[in-house]
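Notes follow the structure.
All heavy atoms count here, side chains included; hydrogens, waters and symmetry mates do not.
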Amino acid sequence: MAIEYAPAKRRGLYAALVQLGSPVGTLLSTGAITLVALLPKYDFMAWGWRLPFIASIILVGVALAGMLPGDLPRSWLLSA
């Protein structure tokens, strides 16, 4: 969909940005775990390991909020 709605001269850039999603997500998750692993072992085992998961829930909510108001076909929303 990014390519379909992109300006004609910018389609390559928009397609490349979509493909960056997975590597950027991997880098962000590695950074989150690295930061949480800096906690003392007891704190990490007690509650620190939950922080990246809570952050991911918030990011999923932001992604859904940004995606749902769009003009997606109803059949696509029901099949997902």
Same cluster (ILVMFWY, side-chain, under 4.5 Å), F53 and M45: yes

- prompt: In Å, rounded to the nearest 0.5 Å, how long is the span from CG of L51 to CG of L39?
  reply: 7.0 Å

query: When clusters are formed by joining ILVMFWY residues with side-chain heavy atoms under 4.5 Å apart, either directly or through shared neighbours, do I54 and V60 land in the same one?
result: no

task: Apply side chain to side chain contact (heavy atoms under 4.5 Å, CB included) to V36 and W49, showing your working.
output: CA-CA 7 Å; V36 173; W49 63 270; 5.5 Å; no

query: Between T34, I33, L27, which is the residue that forms a side-chain contact (heavy atoms from CB on, under 4.5 Å) with T30?
result: T34

message: Other residues, nucleotides and ligands only: do more than 12 of their heavy atoms fall within 6.0 Å of CZ on R10?
response: no

Closest contact, heavy atoms only, Y14 versus A6: CD2-CB, 3.4 Å

